[in-house]
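I have placed the structure first, in the form of structure tokens, so that the comments after it can refer back to it.
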Amino acid sequence: MYDGAVATTLGPPTLAGWKDFNEYPGTATGKANVPAAKKQLKLCGKPHGFKATIVSTDEVNHPAETQFLQADLEKIGIHASI
């Protein structure tokens, strides 16, 4: 289980100039928008995904959260090792 709400903006509402928007509809509900994520991979020149490394700690829920992140990234072709 994830901790906290899904973020739809990069900054907190308390930040001066903050505006409420959601670049990727569906994320506010916690449901992945796989087609939109794959489109972003194409735009950045990595249409077939890429390999990455996730660094985490072994504190509290971090190992489980890292595994959730790994599984989510795999859905769009980002092959992450922990």
Side-chain angles (χ1 to χ4, degrees):
M1 172 175 274
Y2 292 107
D3 289 341
V6 176
T8 60
T9 62
L10 294 176
T14 55
L15 185 66
W18 180 85
K19 292 185 180 174
D20 188 15
F21 72 95
N22 186 350
E23 185 73 24
Y24 306 104
T27 55
T29 64
K31 295 181 182 176
N33 188 335
V34 173
K38 287 184 176 184
K39 180 180 177 184
Q40 292 300 314
L41 283 173
K42 287 180 186 175
L43 291 172
C44 78
K46 300 287 185 180
H48 304 293
F50 55 90
K51 292 182 181 181
T53 301
I54 303 170
V55 178
S56 182
T57 68
D58 61 357
E59 295 179 26
V60 193
N61 296 328
H62 294 185
E65 291 169 352
T66 305
Q67 291 172 344
F68 279 120
L69 174 60
Q70 181 185 40
D72 286 347
L73 292 172
E74 188 69 34
K75 292 174 187 174
I76 62 170
I78 298 175
H79 309 286
S81 60
I82 300 172

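Because the structure is predicted, anything quoted here is derived from the model rather than measured. Here, residue 1 is the first one in the sequence, and each next residue gets the next number.
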Scan the side chains in residues 51-58 for donor-acceptor partners under 3.5 Å anywhere in the protein, sequence neighbours excluded, and list what turns up.
| unit_1 | atom_1 | unit_2 | atom_2 | d |
| --- | --- | --- | --- | --- |
| S56 | OG | T66 | OG1 | 2.9 |
| T57 | OG1 | E59 | N | 3.4 |
| T57 | OG1 | H62 | ND1 | 2.5 |

Pairwise distance CD1(I82) to CD(Q70) - rounded to 0.5 angstrom: 4.0 Å
Point-to-point distance, once rounded to the nearest 0.5 Å, from NZ of K46 to CD of Q40: 15.5 Å
Residue pair E74 / H79: nearest heavy atoms and the distance that separates them: OE2-ND1, 2.8 Å
Side-chain donor/acceptor of N33 to backbone N/O of A36, under 3.5 Å: yes
same_hphob_cluster(V34, F50) at 4.5 Å side-chain heavy-atom cutoff: yes
